[in-house]
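Following: one structure in structure tokens, then a few remarks.
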Amino acid sequence: MSYRDLRNFTEMMRTLGYPRLISMENFRSPNFALVAEIVIWLSKRFEPDAEMQIHSAYDTEQDRVLLIRSVAQFLALKCGIKLNTRKLYQADGYAIKEMLKITTVLCDALRNTATIGKDGGESNDIDNNAALDVASRIQDLKLTRELASHITGKGAVLYELLGKEVQLRETRNACVANQLEVGGIERGLREAIAAAQESVVSTKALIENISGTEAGLDAKIEKRHAELERNQKRLTTLKKVRPPFMEE
């Protein structure tokens with residue numbers, strides 16, 4: 001714990017309206033009663049009914065563990081604040097840094113509320129920003145729908161495959177239970193090697209025939225070019241010929 005953290009924490013607690021003063025001496029040694037009182041009070045600042053969801057007793061060791069755990073779960077679910085329960089349970093200077101996470105969120109919310117209250121037109125700006133934000137997230141909504149339909153389709157396929165698992169399990173177990181013959185394995189490998197070699201030979205033959213195919217295509221292209229040139233010359237000649245009626 002640093003003096004700066006304790007100073008910031010005490011100032012924030014005073015801003016939030018905590019009823020008692022907090023000094024450096026309070027955390028010279030573990031003070032679980034004060035830490036429990038503070039975290040319960042901060043939880044109520046988030047939600048007045050928080051005491052119903054938090055184990056407020058801390059007389060025994062089990063009660064203290066339940067209190068810290070319930071507070072951490074409440075803040076994580078309601079506010080998205082992740083606390084280190086081990087440091088918070090120590091109830092010393094290390095707990096200050098964990099409680100600072102809570103007070104910082106509350107003070108920021110209080111500061112933003114005060115800023116909005118000073119400017120009457122701020123609400124309109126917020127509405128406009130919210131509208132713009134919704135418009136910008138339309139694409140995300142479409143993507144979410146596509147992903148949802150994709151997940152549904154995959155779930156249906158998975159359900160069908162799981163339905164076939166009983167029959168497939170029997171077949172798989174039967175195949176696994178069969179004793180493999182070395183001769184059969186060698187024969188299968190030789191057949192696979194022969195098929196692969198045939199595929200390689202046919203592929204090489206196709207590659208070698210590519211040059212001949214290219215030559216044939218080049219000859220056809222040249223022939224088409226010659227025909228095009230002859231047709232263009234004939235068209236030019238026909239354009240120069242005047243019909244007999246034009247002479248009359």
Side-chain angles (χ1 to χ4, degrees), residues 76-82 84 101 105 108 112 121-248:
L77 294 175
K78 296 293 183 179
C79 318
I81 301 174
K82 296 182 179 180
N84 189 323
K101 300 177 183 179
V105 174
D108 289 342
N112 293 335
E122 186 73 18
S123 59
N124 295 329
D125 295 338
I126 293 176
D127 293 339
N128 295 333
N129 293 333
L132 293 174
D133 185 66
V134 171
S136 64
R137 292 183 179 274
I138 291 178
Q139 189 65 28
D140 295 339
L141 180 60
K142 293 180 180 179
L143 179 61
T144 303
R145 289 178 178 175
E146 293 177 359
L147 290 175
S149 61
H150 181 70
I151 292 172
T152 304
K154 291 295 183 181
V157 173
L158 181 61
Y159 179 78
E160 293 178 358
L161 294 176
L162 290 175
K164 300 177 181 179
E165 173 61 18
V166 177
Q167 180 181 359
L168 295 176
R169 187 189 301 116
E170 296 177 356
T171 306
R172 183 173 61 252
N173 293 335
C175 293
V176 172
N178 290 334
Q179 295 182 356
L180 299 177
E181 297 181 359
V182 178
I185 296 174
E186 292 179 352
R187 184 170 55 256
L189 290 175
R190 283 195 294 268
E191 292 177 356
I193 292 172
Q197 291 176 347
E198 292 178 359
S199 177
V200 171
V201 171
S202 61
T203 304
K204 288 182 177 179
L206 292 175
I207 293 173
E208 292 175 355
N209 293 332
I210 288 176
S211 58
T213 305
E214 290 180 351
L217 291 175
D218 291 337
K220 290 181 180 180
I221 292 172
E222 292 294 335
K223 183 178 179 181
R224 295 295 182 184
H225 278 303
E227 291 179 359
L228 178 61
E229 291 178 358
R230 288 197 301 270
N231 290 331
Q232 288 179 345
K233 291 179 181 179
R234 186 177 179 185
L235 178 61
T236 304
T237 303
L238 292 174
K239 286 182 178 179
K240 292 180 180 180
V241 175
R242 301 181 65 184
F245 66 87
M246 293 186 67
E247 296 294 338
E248 297 175 359

Point-to-point distance, once rounded to the nearest 0.5 Å, from NZ of K233 to OG1 of T237:
9.5 Å
Please tabulate, for the side chains in residues 192-209, all donor-acceptor contacts under 3.5 angstrom to protein atoms that are two or more places apart in sequence or on a different chain.
{"unit_1": "S202", "atom_1": "OG", "unit_2": "E198", "atom_2": "O", "d": "3.2"}
{"unit_1": "S202", "atom_1": "OG", "unit_2": "S199", "atom_2": "O", "d": "2.8"}
{"unit_1": "T203", "atom_1": "OG1", "unit_2": "S199", "atom_2": "O", "d": "2.7"}
{"unit_1": "N209", "atom_1": "ND2", "unit_2": "A205", "atom_2": "O", "d": "3.1"}

More than 12 heavy atoms of other groups within 6.0 Å of R234 CZ
no
Name all residues meeting the side chain to side chain donor-acceptor pair (under 3.5 Å) criterion together with E165; count only those two or more places apart in sequence or in a different chain, and write none if there are none.
R172
Any chance you could measure I151, atom CD1, to L158, atom CG, to the nearest 0.5 Å?
12.5 Å
Can you give the donor-acceptor pairs under 3.5 Å from side chains of residues 214-224 to other protein atoms, not counting sequence neighbours?
none

Side chain to side chain donor-acceptor pair (under 3.5 Å) involving N84 - partner list, sequence neighbours excluded:
none
Just how far is it from atom OG1 of T152 to atom NZ of K154, taken to the nearest 0.5 Å?
12.0 Å
With sequence neighbours left out, write down each residue that passes salt bridge (Lys or Arg N to Asp or Glu O under 4.0 Å) with R145, or none if nothing qualifies.
none
Among all residues two or more places apart in sequence or in another chain, which pass the side chain to side chain donor-acceptor pair (under 3.5 Å) test with K101?
E98
Among all residues two or more places apart in sequence or in another chain, which pass the side-chain contact (heavy atoms from CB on, under 4.5 Å) test with E186?
V182, R190
